[in-house]
Amino acid sequence: MGIEPENSSREALARIERDVANLKDALGLLGAKPCSICGKFYLRSNPGDLLKAGGYYVCYGCFSSWWSDLCPKLPIRDREAIEHSLTRWLIDHHHAAVFREFSELPSRELQDVHIVVRCHECKGSGKQYGSERCRSCLGNGTVWVVTLKKQ
Ligand SMILES: [Zn+2]
Ligand SMILES: [Zn+2]
């Protein structure tokens, strides 16, 4: 008679694991990278698909929850470096807009990504040239980076 059912399912599992490992290798050779959060693969030739920051690769779909988890755990210095690159990524690839005033924000239902980052111009101090109020953040030291939901 054939193989024990238990054995065959274990073999099937081992085969699947081997197949998956081979596929991952192949995708890597093609220049694809998985999102560190959801594991979905993206081609690196599309820089808008995956953000590379702080040792993570994060897709747009995972971005908001990833950042709200990670952000409070980061030391200020690391946070600034990452904030700068993720702001650029959101602006360059996801049409993000930077807002200086709360009243200018689009209504909440229209917003997708909504994060608060330190102002890059004044490094969060809210001041410029010594004592002048920073024009980039209106003296708040932070700005909002917001993307709109895709229709
Ligand atoms: Zn993802
Ligand atoms: Zn500023």
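Order of appearance sets the numbers: ligands from 1, and atoms from 1 within every ligand.
Pairing each heavy atom of Glu101 with each of Trp144, the nearest pair is C-CZ3, 3.7 Å. The two residues Ile82 and Gly54 make their nearest non-hydrogen contact at CD1-CA, 3.6 Å. Between Arg135 and Glu132, the closest heavy-atom pair is NH2-OE1, 3.5 Å.
Counting only heavy atoms from C-beta outward, the side chains of Val113 and His94 never approach each other to under 4.5 Å.
The angle subtended at the Zn ion (ligand 2) by SG of Cys122 and SG of Cys137 is 110°, given to the nearest 10°.
The aromatic rings of Trp67 and Phe63 lie parallel to each other, their planes meeting at an angle below 30°, with 60° marking the opposite boundary. Under the 30°/60° scheme for interplanar angles, the aromatic rings of Trp89 and Tyr60 are found to be tilted.
Around the Zn ion (ligand 1), the protein atoms of type N, O or S that sit closer than 2.8 Å are Cys35 SG, Cys38 SG, Cys59 SG, Cys62 SG.
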